[in-house]
Amino acid sequence: MGRMTATTPRRVLLAAPRGYCAGVDRAVIAVEKALEQYGSPVYVRHEIVHNKYVVQTLEKKGAIFVEETAEVPEGSIVMFSAHGVAPTVHEEAAERKLATIDATCPLVTKVHKEAVRFAQDDFDILLIGHEGHEEVIGTSGEAPEHITLVDGPEDVADVEVRDPSKVVWLSQTTLSVDETMETVGALKEKFPLLISPPSDDICYATQNRQIAVKQMGADADLVIVVGSKNSSNSVRLVEVALGAGANDAHLVDFADEIDEAWLEGVSTVGVTSGASVPEVLVDGVLAWLSERGFEDVEIVKAAEESITFSLPKELRRDLRAEAAALVEK
């Protein structure tokens, strides 16, 4: 890249799809509806979704976020986050006489059910995912004695199984598609009879956001991903952007975290957001860029998303009951 001249066009490539996925939308609305329905406080075990702004906003409305079920006073309402929980957490909640609302994303629940089924059939399950991530802890808890975590291709050499003819791989829903397939390739070399899950475990939203960033990254001097540091899918978008040829890529929660120095010599900025990021935060980044001459915004469209999930069943039941009571009045 030569020196910027006054005539170099400055443009923004805005990825679509970006931001909220169906599972996040459902989980955030579930907390809001629970607060309306039952009043505050509603306790939420773990951040409902991995986004700083969303958590702060819900705290202001009366949600109380805790790390462990033991922190919730007996007899209170507790909501489980979109990332899912291990069966032991349901047991702890029952012991503490907590009313539970399960906001686990249905696509995470699908992986839990696969784990249970393969464990019942006595398979060794190789779970591809990031150690310590909430989702991995929850899925592993479904069948701890059957599940081995594989955290990327470099972990494959150490994997041991009881019977190489009874091995299956599953994955966290928010991984890099390319890196996961690289891990699967290495596992298949080691275990030629490895079975794949019946359908892809990496969710549609994770894949679509990565596809959009790949299309954009090749043309961008700088990619800004809006998202939180503990959001797996957001961190992956930065990696995918760099892998696709972007010169530079950064993760920010808010526009004021952008460093002016990143814009030096830059004419094209790509912008996207992780699956737990409200659009208002992206608008803030676009406004910040616009003030610095990046007013021309082009949409880079990779897919249409129309998927939605109904609210957690516990909430639906109580909202229906309330509606029925009003009708009777």
Side-chain angles (χ1 to χ4, degrees), residues 17 21-24 82-87 104-214 231-233 235-237 239-240 243-244 274-275 302-305 307 309:
C21 60
V24 163
H83 315 98
V85 296
T104 303
C105 172
L107 299 177
V108 172
T109 301
K110 174 185 87 95
V111 182
H112 280 233
K113 286 180 171 161
E114 287 169 352
V116 170
R117 199 175 76 240
F118 283 112
Q120 280 169 347
D121 293 341
D122 203 30
F123 274 76
D124 279 356
I125 300 164
L126 306 179
L127 177 61
I128 301 172
H130 297 299
E131 190 163 0
H133 188 279
E134 279 299 312
E135 187 188 324
V136 162
I137 294 166
T139 303
S140 300
E142 291 288 357
E145 62 292 342
H146 285 267
I147 292 179
T148 302
L149 183 64
V150 182
D151 195 343
E154 60 288 342
D155 257 13
V156 172
D158 298 331
V159 175
E160 289 176 15
V161 299
R162 293 168 302 159
D163 176 356
S165 70
K166 290 202 77 171
V167 191
V168 63
W169 69 271
L170 301 176
S171 86
Q172 187 180 329
T173 59
T174 53
L175 302 178
S176 149
V177 177
D178 292 344
E179 188 183 328
T180 301
M181 292 331 289
E182 192 187 326
T183 306
V184 170
L187 286 170
K188 280 188 171 158
E189 274 177 35
K190 188 166 180 176
F191 308 114
L193 300 174
L194 180 72
I195 293 176
S196 297
S199 65
D200 208 328
D201 287 345
I202 296 180
C203 85
Y204 77 95
T206 300
Q207 296 191 40
N208 288 344
R209 279 149 194 67
Q210 288 176 18
I211 293 164
V213 164
K214 271 188 183 171
S231 160
S232 172
N233 80 88
V235 173
R236 301 291 83 73
L237 289 174
E239 296 167 1
V240 170
E304 287 285 350
E305 288 181 353
I307 194 164
F309 295 131

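Throughout, numbering of the chain's residues begins at 1 and tracks the sequence. It should be emphasised that the depicted structure is a prediction, and the values quoted were computed from it without experimental measurement.
Taking the side chain to side chain contact (heavy atoms under 4.5 Å, CB included) definition, one finds that P192 meets it with nothing, sequence neighbours left out. In this view, E114 and K110 satisfy the salt bridge (Lys or Arg N to Asp or Glu O under 4.0 Å) rule, not counting sequence neighbours. Shown here are the side chain to side chain contact (heavy atoms under 4.5 Å, CB included) partners of L149, two or more places apart in sequence or in another chain: L127, E131, V136. By the side chain to side chain contact (heavy atoms under 4.5 Å, CB included) test, A119 is found to be paired with I125, A143, H146, residues two or more places apart in sequence or in another chain being considered. When the salt bridge (Lys or Arg N to Asp or Glu O under 4.0 Å) test is applied to D121, no partner is found at least two apart in sequence or on another chain. With sequence neighbours excluded, the residues forming a side chain to side chain contact (heavy atoms under 4.5 Å, CB included) with C105 are L107, V108, F309, listed by chain and number. Remark: D155 pairs with no residue by the salt bridge (Lys or Arg N to Asp or Glu O under 4.0 Å) rule, at least two apart or across chains. When the ring pair (Phe, Tyr, Trp, His ring centres under 6.0 Å) test is applied to H133, the partners found at least two apart in sequence or on another chain are H50, H83. With sequence neighbours left out, D178 forms a salt bridge (Lys or Arg N to Asp or Glu O under 4.0 Å) with K214. Partners of E304 by side-chain hydrogen bond (donor to acceptor under 3.5 Å, both in side chains), not counting sequence neighbours, listed by chain and number: K301.
A donor-acceptor pair under 3.5 Å links the side-chain atoms of Q210 to the main chain of V177, judged by distance alone. In this structure, the side chain of N233 engages the main chain of A275 through a donor-acceptor pair within 3.5 Å. Side chain of R209 to main chain of A205: a donor-acceptor pair is present (N/O by atom type, distance under 3.5 Å, no hydrogens or angles).
Two residues are said to be in side-chain contact when any heavy atoms from C-beta on lie closer than 4.5 Å; L175 and T206 fail this criterion. W169 has its side chain out of reach of T183: every pair of non-hydrogen atoms, C-beta onward, lies at least 4.5 Å apart. Using a 4.5 Å heavy-atom cutoff, the side chains of L193 and V167 are not in contact. In this structure, R236 and T174 have side chains that are not in contact, with every pair of non-hydrogen atoms separated by 4.5 Å or more. The side-chain heavy atoms of I128 and D201, taken from C-beta on, include no pair separated by under 4.5 Å. Two residues are said to be in side-chain contact when any heavy atoms from C-beta on lie closer than 4.5 Å; D122 and K166 meet this criterion.
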Inset, instruction - List the steps, then state whether side-chain contact (heavy atoms from CB on, under 4.5 Å) holds for I147 with L170. - result: CA-CA 10 Å; I147 292 179; L170 301 176; 5.9 Å; no
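Sorted by first and then second residue, the salt bridge (Lys or Arg N to Asp or Glu O under 4.0 Å) pairs with a member in residues 132-146 read R45-E134; sequence neighbours excluded. Residue pairs meeting the salt bridge (Lys or Arg N to Asp or Glu O under 4.0 Å) criterion with at least one partner in residues 184-200, sequence neighbours excluded, do not occur; the list is empty.
Of all the heavy atoms in G129 and Q172, the pair that sits closest is CA-OE1, 3.4 Å. The minimum heavy-atom distance between A86 and G141, with the atom names listed, is CB-CA, 3.7 Å. Of all heavy-atom pairs between E179 and G152, the closest is OE2-CA, 3.7 Å. The two residues S171 and I202 make their nearest non-hydrogen contact at OG-CG1, 3.5 Å.
Under a cut-off of 6.0 angstrom, the local environment of CD in E160 is sparse, with at most 12 non-hydrogen atoms contributed by other residues, nucleotides or ligands.
One finds the CG atom of L194 at 11.0 Å from the CG atom of D124 (value rounded to the nearest 0.5 Å).
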